[in-house]
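Hydrogens, waters and symmetry mates play no part in the numbers below; they use all other heavy atoms, side chains included. Here the structure is a predicted model, which means the values were calculated and not measured.
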There are 2 protein chains.
Amino acid sequence: MQPNEYMKLEHQLCFAFYTCSREMMKLYRPLLSPLGLTYTQYITLLSLWEQDGVTVKELGAKLFLDSGTLTPLLKKLEAMGLITRTRDKADERSVIIELTAKGQDLREQAAEVPTKLYAGTNVRIEDIQAMHEHIQSFLRKIGEVTGGREAER
Amino acid sequence: MQPNEYMKLEHQLCFAFYTCSREMMKLYRPLLSPLGLTYTQYITLLSLWEQDGVTVKELGAKLFLDSGTLTPLLKKLEAMGLITRTRDKADERSVIIELTAKGQDLREQAAEVPTKLYAGTNVRIEDIQAMHEHIQSFLRKIGEVTGGREAER
DNA sequence: TGCCATTAAATTGTATGCAATTTATTATTC
DNA sequence: GAATAATAAATTGCATACAATTTAATGGCA
């Protein structure tokens, strides 16, 4: 590769991630909009549907987000009646997030989102598997440096 | 895969892209901060260093960004003395973006960013190539649906 | 030529992201 | 056991993203 080839936009891996992420969110929008959810709210609920009763800190470790992003987002979900935010009696520094009945019910409607997502695209599900694994392996490697998901240990 | 396995966070490809994108930006930050640039400003300049004298529309097609994001960002780069924004004489609807001498000079300092990026990580450059190509192929496929980079045809 | 559809930026409003700081609480140490 | 360090959320300030709308200019057509 020529020296300044490295500076071309098309060779930037991060730009590919960045663009793929945002283009995929555009695939999600028509599926999430009827549920009244944004993409970030959706992945937050995905995490809570797997396990709720977690602290903001724990949720942030799973989503790679800090309180600066989560606090307003969780307040929004609370205002929508999907979750509750309660100070932990055992440690008043922590806030525990739990799903309401309404928040649990929403899971049923969201269940079809993953399967509908690639409808209309030429993407083959099989192709995604390998790529997904490579990306996750990559993420672990750079996470060692950026400190991403540090609370996971 | 179990039915509700599809709803697990770890199986969401978009979440992998989304997280990789943001974690990589954290790798960039210490390299770009001394140059006074954010990541979005950096990729905008990468594009302009390849070709300037382009309209906001053309730049947006390359970066997958619209005027809502680009206009304030370009005004910022203009305020920093790196670019000029000029109405196209031939078509007053368009604004043409050009690098200033200062903006061109910054390219030299930014030249070491791509090579320094993976320093300290366990990432093997060879591993990145294949993954990168798969991602770009994937992006083209979903772009057919989302309309991404529509002005490219 | 005048009207209307189209187009490019800019603007507006909402929702993130994240660094840095602040506040409140808990853990530690001397 | 009081002073200090550490921790978890919340807050603040700045920079995106993007849908939707607005403004200004151009193109097409009767």
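- Legend: residues meeting ring pair (Phe, Tyr, Trp, His ring centres under 6.0 Å) with Tyr39(A), ordered by chain and number and at least two apart, are Tyr28(A), Tyr18(B).
- Under the side chain to side chain donor-acceptor pair (under 3.5 Å) criterion, Asp91(A) pairs with Arg93(A), not counting sequence neighbours.
- Every residue meeting the side chain to side chain contact (heavy atoms under 4.5 Å, CB included) condition with Asp66(B), not counting sequence neighbours, appears here in chain and number order: Thr69(B).
- A side chain to side chain contact (heavy atoms under 4.5 Å, CB included) with Thr86(A) is found for one member of Asp88(A), Thr84(A), Ile83(A) and no other, namely Thr84(A).
- Scanning for side chain to side chain donor-acceptor pair (under 3.5 Å) contacts around Arg29(A) gives an empty result, with sequence neighbours left out.
- Between Leu63(A) atom CG and dA9(D) atom P the separation is 13 Å, expressed in whole Å.
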Protein proximity profile, nucleotides 10-19 of chain D - base contact B, sugar-phosphate-only contact S, no contact -, cut-off 4.0 Å on heavy atoms | BB---SSBBB

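- Every residue two or more places apart in sequence or in another chain that forms a side chain to side chain donor-acceptor pair (under 3.5 Å) with Gln51(A) is listed here: Lys62(A).
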Any chance you could list the contact pattern along nucleotides 21-28 of chain D? Use B for base contacts, S for sugar-phosphate-only contacts and - for none, protein heavy atoms under 4.0 Å, 5' to 3'.
-> ----BS--

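- Qualifying side chain to side chain donor-acceptor pair (under 3.5 Å) partners for Gln136(B), counting only residues two or more places apart in sequence or in other chains: His132(B).
- Straight-line distance from the CG atom of Leu27(B) to the P atom of dC18(C): 13 Å, rounded to whole Å.
- Note: CD1 (Ile97(B)) to C1' (dA9(C)) measures 10 Å, nearest angstrom.
- A sub-4.0 Å separation between OP1 or OP2 of dA9(D) and a side-chain N or O of Thr55(A) is present.
- Atom CG in Leu32(A) sits roughly 14 Å away from atom C1' in dA15(C) (whole-Å rounding).
- Here dA9(C) presents its C1' atom at 13 Å from CD1 of Ile96(B), a figure rounded to the nearest Å.
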List, one per line, each side-chain donor-acceptor pair under 3.5 Å for residues 94-105 of chain B, sequence neighbours excluded.
{"from": "Thr100(B)", "atom 1": "OG1", "to": "Gly81(B)", "atom 2": "O", "distance (Å)": "2.6"}
{"from": "Thr100(B)", "atom 1": "OG1", "to": "Leu82(B)", "atom 2": "O", "distance (Å)": "3.1"}
{"from": "Thr100(B)", "atom 1": "OG1", "to": "Lys102(B)", "atom 2": "N", "distance (Å)": "3.4"}
{"from": "Thr100(B)", "atom 1": "OG1", "to": "Gly103(B)", "atom 2": "N", "distance (Å)": "3.0"}
{"from": "Lys102(B)", "atom 1": "NZ", "to": "Met80(B)", "atom 2": "O", "distance (Å)": "3.0"}

